[in-house]
Structure formats: structure tokens, C-alpha cells
There are 2 protein chains.
Amino acid sequence: MPEAEQRKRRGRPKRDEVVALDRAQIVAEALRLIDERGLEGFSLRELARALGVFPTALYWHMPGGRNAVLGAVAATAFTDVVPPAEDAVDDWESWVRALFTRYRDSLRKHPNIAPLLGAQIVSNTGVDMELVERILAALESAGFGGERLVDAYNTVVAGLLGYVTLELAPGPAEDASEWASAFEAEIRGVDASRFPRLSRNLDALANRAFIVRWQGGAEKPMTHSFDFYVETIITGLRALSRKIG
Amino acid sequence: MPEAEQRKRRGRPKRDEVVALDRAQIVAEALRLIDERGLEGFSLRELARALGVFPTALYWHMPGGRNAVLGAVAATAFTDVVPPAEDAVDDWESWVRALFTRYRDSLRKHPNIAPLLGAQIVSNTGVDMELVERILAALESAGFGGERLVDAYNTVVAGLLGYVTLELAPGPAEDASEWASAFEAEIRGVDASRFPRLSRNLDALANRAFIVRWQGGAEKPMTHSFDFYVETIITGLRALSRKIG
DNA sequence: AAAATAATTGTACGATGTACAATTTATTTG
DNA sequence: CAAATAAATTGTACATCGTACAATTATTTT
């Protein structure tokens, strides 16, 4: 733990004192703590403790308090997800594919913040607007325009966040392994007469499909289905772009 | 407020006393409170207050505490979403379409619980297994089997939750209208040279598309795009089901 | 030199989740 | 039918949390 040394004096610190409190550093440390102990276990006070600072000092740099910190942390997930331009130009499909996988790769490095993204209108105008612009570019080159462009755009954004948010969703908080084995037993012993298809495909589905899994995507990735999901969306968009344009 | 009258006596209540504490009632009241004051404002103590009961009494019926209550509340969103059988049989596409719209309609009645669903491995074996079974049935009748069935299933489930979770996501907690107008101004004044396409389509996009909206889906539904999104997924699945089977 | 502003320490408060003991009623058992 | 056990609550207690606000000190501007 990178505890900063104590500093008893009150008031504004001298120029070269070790406080080094700074918006970027607060966000970075917050992300580190969330990576380490999860979203549920995150608190402003622990963040302050880790930074060697009083909790209320954080409010100077982040006037929004807790929510502001979490918002800023969430925003970091979008850095570097927008694929470089050269991949796009005349192949919107592979650009969209690249976007999806880059976003997923980015979140897989910090799976604990996934709930923040799928469930918050977080926006940090700048990075985000770049993302919007580039999605629009891809979809225009796919032939969408006007009202359909809006629909296609919303489809891409929802698709972008949807799968990954769910894949990386956290299970029950503390009783993890106990709950997991109990749930596994329940799944394994599912009534074959009431649920014949589930029962027949159980080996293929158990712990490898939503609702019937007992591990989160951080421990047990669902990559193959993700690729299929992306192809589904791209294929659907391609078909619909031809239908009316 | 349906405050229950006071009852001073300690210990187990007599048979016909008005305490009426019961798992189902706890969950129902919790949902009502969340509908009313939002997820952020929900607390076990207020729930207990609303039920006219000590906070710790809730632990008797819900051993998991807060998380257990929220899990149970989340599960209610899935009641009655599975479309009746007769709609399906030999038309898997309209069955899936019905599933998507029913789920969305269900959540739109309780938009505040949306974050719970997109972000938690909540499962209540029974209702859920029925859902799983029926999705599998639809996809088998669409021609999916084996490994592809798993992928298609995961695609449907992720698609089912993804859009709605994002659409109904809550904005910033308290400073709502202030933030909204500030954000609107920022969007309206976006740099046309850096973001030409966004700028060109601004009227169509502003407050009607993800990332560039300042109202949640509870206040401003995004229905048209949702329909397009559903068609995208169904069309994609149809095409991919023919490709290999 | 004085005033304003920046950046922190410190204090304080109400609220929260939950562990645990005490108490009372209902049910089961011998 | 008495005694034991289980069911369902009240009541107490505690650590923790977010944040409003005052006090303090250093830097920058006037």
C-alpha cells in the first residue's frame, strides 16, 4: 500500500510537500482501489486514507464528491477504445468489429467498473464526442442516413455496452464460493421434464451462458459467444442498411 | 404512506396481530419505495420504517440483508415477460420480438431498478429457468444447435437486457435539471469542424441518442430505435442461422 | 503590504448495514 | 399436557460512510 507519510501541519501545503493531491491522481488511485476491492467495497474515506489525506480534501478537487469520482473513473474505460482511422475508410464492418473488441478488452482490465458504464449516463464530452463522431462515420459509410442513422447509432452503442456489462457483472458479494456451488448443484439437477432443452444442452450451457452460470466474466470469459454476438449485430445492420438505406 | 400502527410488545407477535411481515410484502414495499425515491435513496431502515418494523426484523425473512432484498426486487422484473406459448410454435422471430418488447414494457413500469438487472448475476431459478427453456426452444426452431445454440442464446439474453438497461439508466443524482441544461448547451455548441457528422445530424441526435442525451429513458423513451435494434438482432440471427446451422 | 484565492486539516452530524442479545408467542415433542 | 424447541419480533450497539462547514496555512494577485 502506497501510504503517504504523515503531515501534521494544517492549511495549504508548501510547494514541494508530498501531498501531491491532484484530480488525475485521485481518479487513478480510485481505479486501483476498485480493481483491488471491488465497487461495493469502495469508499471515499478509504480513498483518502490510501492517498494519505483527509476525506474532505477530496472535495476540493472533485466537487461532486463520491459520484464525481465514480463518474471520472468510469470515463477512463473509454480512453483508447476508438480504433484508429486507417482501419475504417471503406470498411465500416471491420471498424465496428474493432470497436467492440477494443471496448471489451479495455473493460476486461478493470472488470469491477463494468456496472458503472452500463447503468449510468456518464459522459465526458471530448473522448465521448470523438466516439460518437466515428460511429456516425462508420454508419454513414454503411449507407445509413437521417432517421435510420439515429436508430443504427443507438443500436451500436447499446450493443457495445450491453454484452460486456452483463458478462462482467458481479455475482453475490461475499459468500461467493458457497453460493456458486449451491447454484451449480441447482443447475445440474434441473428437472428434465419441465426443461427438456435446457437439460439436453446442459453441458454446453452450464457456467458458459447467461443466467445459468455461477462465475462472472472476469473469471470465466465468454469470448466465443461475444464474437458471435458482434457478428449478429453487424450482419443485421448490413442487411437493414440495404433494405431502405 | 402506509404506516403500520405502533406495537410496543417485544417478541413474536400474536397470530392475528398487524405486523404482517412476510417475504413477499417486504419485496413489494421495497419495490414501491424504489419506484418512488430511486435506487440511490433506498435503505433498509426506510423500508423497515415504511413497514412499521425494526430494521433488524427484516433479516429474519431475508437472511441476505440489503443485497437479498435488491436481488428479490430485481427478480420481479422477469415475472410475466415470457410470452405465452401459442405465439411461438413455428414463428420464432415474432416470439423473440414479443419477448423483447414485453421485457421492456415490464421494466418501464419500474425504471429505477434497471441498474440492478444489467449489472448483477441475479437468478431465481424457476421463473428464470422457464425463460431459458423458452429462448432455447425459439432458437432451436430457428435452426440453431450445439455450440451455435449457446452463442445465439447468449446473444439473445445480452440483447434483451442491454438496450433497456442503458435506455433507463439514471443520470446524475440530484442536480438533475442544472446538469441537463449545462450538458445540452455543450452538445448544442459542439465544434462543427472537429465533429462534422455529429454537428450535421445534431437535431436528429440531440436528446434522442445515447451519450448525447440529457434525459433518461424513463422521461424520454427511445422506442423507435429500440424497434430497430430488435430487428437488427433478429435479422442477424436469421442470417447466421442459415450460414452453417 | 494587503487582499484574495488555493489547498489542506479538523470537527461534527445524521444515516446506514448489520451483528447480537433479549423477549415473546407458536409449534412440536415426549 | 408439560417441556422443549422453533419462529418472529423488539431493542441495543457499533463501525463506517458521505459530506457540510469552519479553521488554518501557503501562494498568487492586486
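Hydrogens, waters and symmetry mates are skipped; everything else that's a heavy atom, side chains included, is used. Naming convention: chains lettered A, B, ... in sequence-line order (proteins, then strands); numbering from 1 in each chain.
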Could you tell me how far apart [X] ([atom1]) and [N] ([atom2]) are, to the nearest whole angstrom?
X: B/L44; N: C/dT18; atom1: CG; atom2: C1'; result: 9 Å
X: A/L51; N: C/dT9; atom1: CG; atom2: P; result: 11 Å
X: B/D22; N: D/dA8; atom1: CG; atom2: P; result: 10 Å
X: A/F54; N: C/dA12; atom1: CZ; atom2: P; result: 13 Å
X: A/I26; N: C/dT8; atom1: CD1; atom2: C1'; result: 12 Å
X: A/R37; N: D/dC17; atom1: CZ; atom2: P; result: 10 Å
X: B/L47; N: C/dA15; atom1: CG; atom2: P; result: 17 Å
X: A/N67; N: D/dC17; atom1: CG; atom2: P; result: 16 Å

Given [options], the nucleotide with the shortest approach to the side chain of [X]:
X: A/H61; options: C/dT8, C/dG17, D/dA7; result: C/dT8
X: A/W60; options: C/dA7, C/dC20, D/dT9; result: C/dA7
X: B/P55; options: D/dC17, C/dT18, D/dT10; result: C/dT18

Query raised in the report: With under 30° as parallel and over 60° as perpendicular, where do the rings of A/F210 and A/Y163 fit, or are they tilted in between?
Result: perpendicular

Requested in this report: Give a yes/no on whether any side-chain N or O of A/R49 is located under 4.0 angstrom from OP1 or OP2 of D/dC17.
Outcome: yes

Report task. Verify the contact: side-chain N or O of A/T56 to OP1 or OP2 of D/dT19, cut-off strictly under 4.0 Å; return yes or no. Result -> no

Query - Axis bend over the full length of the helix from C/dA1-D/dT30 to C/dG30-D/dC1, computed from five pairs that close each end, to 10 degrees - result: 10°

Query raised in the report: Checking side chain to side chain contact (heavy atoms under 4.5 Å, CB included) against A/Y103, which of A/L131, A/D80, A/V82, A/L117 comes through?
Result: A/L117

So, [X] side chain and [Y] main chain: donor-acceptor pair closer than 3.5 Å or not?
X: A/E167; Y: A/M222; result: yes
X: A/S199; Y: A/F195; result: no
X: A/N112; Y: A/E36; result: no

Requested in this report: Take A/Y59 and B/L58, find for each the nucleotide of DNA chain D with the closest heavy atom, and name the residue whose nucleotide sits nearer the 5' end.
Outcome: B/L58

Query - Closest-nucleotide 5' rank along DNA chain D - winner of A/E46 and B/A57 - result: B/A57

Requested in this report: Say whether B/R208 and B/S225, considering side chains only, have a donor N or O and an acceptor N or O under 3.5 Å apart.
Outcome: no

Query raised in the report: Which part of the nucleic acid, if any, lies within contact of B/R45, taking any heavy atom under 4.0 Å across all strands shown: a base, the sugar-phosphate backbone alone, or nothing?
Result: base

Query raised in the report: Who passes ring pair (Phe, Tyr, Trp, His ring centres under 6.0 Å) against B/F42, sequence neighbours left out?
Result: none

